[in-house]
Amino acid sequence: MNKDLFIKELEKIGIEPTSIQLKQLEVYMKFLIEYNSHTNLTAIKEPEDIYLKHFYDSLVIARYHIFTNEKVLDIGTGPGFPGMILKIFFPNIRLTLLDSNNKKIKFLIELASKLGIENIEIICGRAEEIINKKREEYDIVTSRAVSNLTTLSELSLPFVKIGGYFIPLKGQNKEEIIEAEDAIEILGGILENEYNYELPIEKSKRTIIVIKKINNSPSKYPRQYGKIVKNPLKKTSK
Ligand code: SAH
């Protein structure tokens, strides 16, 4: 997807990028490619793939949720997807980017400065540990390509305030959603919507899952990562 097609496809989902935003994306692209040449940040390396699989894919969420000034957390943001892209297009969100990998955090801090973005929080840490300082603080928690939905729900839903939303970006996998139903309920969530879409050009299938937080997450969650993975939350398990 070249830049012209990127702009056209965004228009179809109701987003008209300003010249400042397009310039910021160019700066992002250049810095990502340059940094990736010496430090591994992403397997996606070609500009056309970056426009499609990183920039465009990060923005589709805006078709289903109107961002204003909410408090937003992106868990396992890597080199900033989808969080940093949302911040470029919706500068009024109060954004926290979280990743456990220090080299990605270093990249993000430099990137934010290059983009002229100051009001952003960039944290190096694991979701299971950071939760102690941030429990039920966020209006929106999002995450892409971090883990299966059951694990991800335990890592993410405890950060969402009641009335807020956990909106993960996933591939299309109905089984995965069904499997996560118990975990979502135990953690105080309710599955509100699933939006299926195809990426333009390569047509790979994606789902945006919208989970509303209706009850507090019990304070024993999230557990340590090993336990989350070994003993996925099920209504019959303790
Ligand atoms: N969201 C980005 C990166 C996905 S790779 C994208 O879609 O391109 C997954 C990232 O999650 C990695 O950078 C890894 O360091 C981070 N991660 C994995 N488990 C985590 C945890 N428990 N807490 C915080 N970050 C985590």
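Counting begins at 1 with the first residue of the sequence. Both ligands and their constituent atoms are indexed starting at 1 by order of listing.
Taking atom 18 (C) of ligand 1 as the reference point, the nearest protein heavy-atom neighbour is V146 CG1, 4.0 Å. Annotation: atom 15 (O) of ligand 1 to nearest protein heavy atom, D99 OD1, 2.6 Å. When only non-hydrogen protein atoms are considered, atom 3 (C) of ligand 1 lies nearest to G76 O, 3.4 Å. What sits closest to atom 5 (S) of ligand 1 on the protein, heavy atoms only, is A145 O, 3.6 Å. What sits closest to atom 22 (N) of ligand 1 on the protein, heavy atoms only, is E128 OE1, 2.8 Å. Closest to atom 24 (C) of ligand 1 among all protein heavy atoms lies G125 O, 3.4 Å. Remark: minimum distance from atom 17 (N) of ligand 1 to any protein heavy atom is reached at S100 OG, 3.7 Å. Considering only non-hydrogen protein atoms, atom 7 (O) of ligand 1 sits nearest to R144 NE, 2.6 Å.
Residue contacts with ligand 1 include T77, since one of its heavy atoms falls under 4.0 Å from the ligand.
The side-chain tip of R63 does not point at the ring of Y195 from less than 6.0 angstrom away and within 45° of straight on.
A salt bridge is absent between K8 and E11: the closest approach of a Lys/Arg side-chain nitrogen to an acidic carboxylate oxygen does not fall below 4.0 angstrom. Salt bridge annotation for E198-K205: present, with a cationic side-chain nitrogen under 4.0 angstrom from a carboxylate oxygen.
Considering backbone and side-chain atoms together, L98 places no N or O closer than 3.5 Å to any N or O of ligand 1. Distances between N or O atoms of P82 and those of ligand 1 include no value under 3.5 Å.
Using modelled atom types, no side-chain atom of E192 and backbone atom of K212 make a donor-acceptor pair closer than 3.5 Å. A side-chain donor-acceptor contact under 3.5 Å links K234 to the backbone of E179. Using modelled atom types, one side-chain atom of D182 and one backbone atom of K235 make a donor-acceptor pair closer than 3.5 Å.
E118 CD: 12 or fewer foreign heavy atoms inside a 6.0 Å radius.
With a 4.0 Å cut-off on non-hydrogen atoms, D74 does not touch ligand 1 at all.
Only one option out of E128, R135, K134 pairs with I131 in a side chain to side chain contact (heavy atoms under 4.5 Å, CB included); it is R135.
When ring centroids are compared, F31 and F107 come within the 6.0 Å threshold.
With atom 19 (N) of ligand 1 as the reference point, the heavy atom nearest to it among E129, K104, R126 is part of R126.
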